[in-house]
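Scroll down for the structure; my scribbles are underneath it.
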Amino acid sequence: MTEAYVALEGGHVIEGRGRAPGTARGELVFTTAYTGYEESLTDPSYEEQVLTFSYPLIGNYGVREERFEDDRVHPRAVLAKELTDDVAGWLESEGVPAIDHLDTREVVTEIRDGGAMKCGIAVGEDVTEEDALAELEECKTMSEHTEIGAQVSVDEPVVHGADNDGETVALVDCGAKGSIVDSLVARDAEVHVLPYDATVADVEDVDPDVLFISNGPGDPANYEGAIELVQEFVDDTPVAGICLGQQIVAEALGGTTEKMDFGHRGVNQPVLDVESGQVVMTTQNHGYTVAEPGDHLEVTQINVNDDTPEGLDGIDHDVITRQYHPEANPGPEDTLDFFDDVLSMAEGRSQRAVPADD
Ligand SMILES: NC(=O)CC[C@H](N)C(=O)O
């Protein structure tokens with residue numbers, strides 16, 4: 001039988017059943033999502049993390065490419081109570097180690113008590129606990145991955161919806177989920193996906209109606225280029241952001257971010273809209289949060305469980321951001337209208353920029 005070990009920060013080693021071979025290391029996190037494993041596993045925001053599914057059976061409806069958010073699996077390794085052969089085979093073909101038949105309640109409890117932590121993974125015929133511990137030894141914290149944007153971003157600009165007549169969006173790709181592009185294109189936007197380190201001139205070339213900062217992995221402080229773009233354009237161009245995008249916008253406009261203990265990952269996180277009093281169910285996947293919004297941003301939505309900021313509006317600029325994932329995939333579609341709000345804000349800019357003929 002294949003050996004399989006997870007070495008947790010502090011040296012505790014958990015044993016399971018090997019489902020896809022290899023060694024790996026990363027930040028150990030868990031998601032409570034009970035559906036949408038294909039979307040989660042292809043979400044670039046999981047780059048450099050090891051993903052534990054707390055839901056006990058993963059893979060019961062197969063693996064289909066049309067549900068992928070990107071063209072590869074992003075977590076470094078996958079842990080679950082039970083993985084189907086479909087998912088295990090997919091992970092093996094992607095070279096991503098996978099382990100099941102371990103006590104995921106124990107893993108989740110360790111993370112809840114100790115916070116998201118480093119881990120080492122070893123799966124294979126001849127691997128030992130020491131191999132997993134050696135991986136743990138080499139593991140970096142998320143904020144030490146200073147070049148993580150380069151691992152997940154496009155290298156060159158890519159245009160989607162070139163024939164659309166709607167607003168022009170410059171989407172800074174810090175690891176964008178495909179569904180963000182799809183949600184904008186479906187609303188008639190022309191979306192210019194730009195590398196995470198796009199320059200001011202690159203954005204000026206697009207002359208966007210809105211500058212949109214995507215989701216993405218790692219510490220928002222490591223995206224200096226995107227932070228500068230927001231500072232450069234916010235006076236004249238509406239700005240939107242999702243997840244990492246909200247954190248980058250806050251950093252750019254005088255707010256601060258901080259690491260959470262174990263973050264929010266799942267598809268039923270309740271969010272309160274402060275003004276309307278309405279609660280929506282949201283998809284989340286983040287380990288950092290906005291700590292202070294600063295003087296230029298107002299918190300419009302909060303997480304019902306822990307009051308962390310879930311939505312920000314510009315006080316003196318056209319800015320809207322969300323900490324959760326309005327594009328769903330996986331998860332509930334309660335908040336898709338965020339994209340309508342972003343494009344209405346952009347329309348205001350395009351009307352200002354193009355004076356009426358009459
Ligand atoms: N999904 C995301 O954009 C994640 C944002 C950031 N990397 C975090 O962990 O908080």
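Order of listing sets the numbers, starting from 1, for every ligand and every atom in it. All values reported here derive from a predicted model rather than from experimental measurement.
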Using a strict 4.0 Å cut-off to heavy atoms of [X], name the atoms of ligand 1 that fall inside it.
X	result
His325	1 (N)
Leu244	2 (C), 3 (O), 5 (C)
Tyr288	8 (C), 9 (O), 10 (O)

Taking the six-membered ring for Trp, are His264 and His286 parallel (under 30°), tilted (30 to 60°) or perpendicular (over 60°)?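 Plane angle over 60°, so perpendicular.
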Does the pair Glu47/Arg76 count as a salt bridge with the N-to-O cut at 4.0 Å?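 Yes, charged N to carboxylate O under 4.0 Å.
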Quick one about Ser40 and Asp43 (side-chain donor to acceptor, distance below 3.5 Å, no hydrogens or angles considered), yes or no?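 Side-chain D/A pair, Asp43 to Ser40: absent.
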If you measure from each non-hydrogen atom of Ser45 to ligand 1, which part falls under 4.0 Å: side chain, backbone, both or neither?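 Under 4.0 Å from ligand 1, Ser45 contributes side-chain atoms alone.
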Look only at interatomic distance and state if [X] has a nitrogen or oxygen under 3.5 Å from any nitrogen or oxygen of ligand 1.
X	answer
Cys243	no
Asp219	no
Gly216	yes
Asn285	yes

Minimum-distance protein heavy atom relative to atom 9 (O) of ligand 1: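 Result for atom 9 (O) of ligand 1: Gly287 N, 2.8 Å.
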Given Leu211 and Val172, is the side-chain contact (heavy atoms from CB on, under 4.5 Å) satisfied, shown in steps? CA-CA 8 Å; Leu211 177 68; Val172 180; 3.8 Å; yes
So Met281 and Gln269, do their side chains get closer than 4.5 Å, heavy atoms only?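 No, their side chains stay 4.5 Å or more apart.
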Quick one: does Gln247 get within less than 4.0 Å of ligand 1, heavy atoms only?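 Contact present.
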Measure from the ring center of Tyr37 to the ring center of Tyr61 and say whether it is less than 6.0 Å.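 When the ring centroids of Tyr37 and Tyr61 are compared, they turn out to be within the sub-6.0 Å range.
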Out of Pro220, Gly218, Gly245, whose heavy atom sits nearest atom 6 (C) of ligand 1?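 Of the listed residues, Gly218 has the closest heavy atom.
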Main-chain N/O of Gly311 paired with Thr300 side-chain donor or acceptor, under 3.5 Å: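 Pair found, side chain donor or acceptor close to backbone of Gly311.
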Do Thr42 side-chain atoms and Glu38 backbone N/O form a donor-acceptor pair below 3.5 Å?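 A pair under 3.5 Å: yes.
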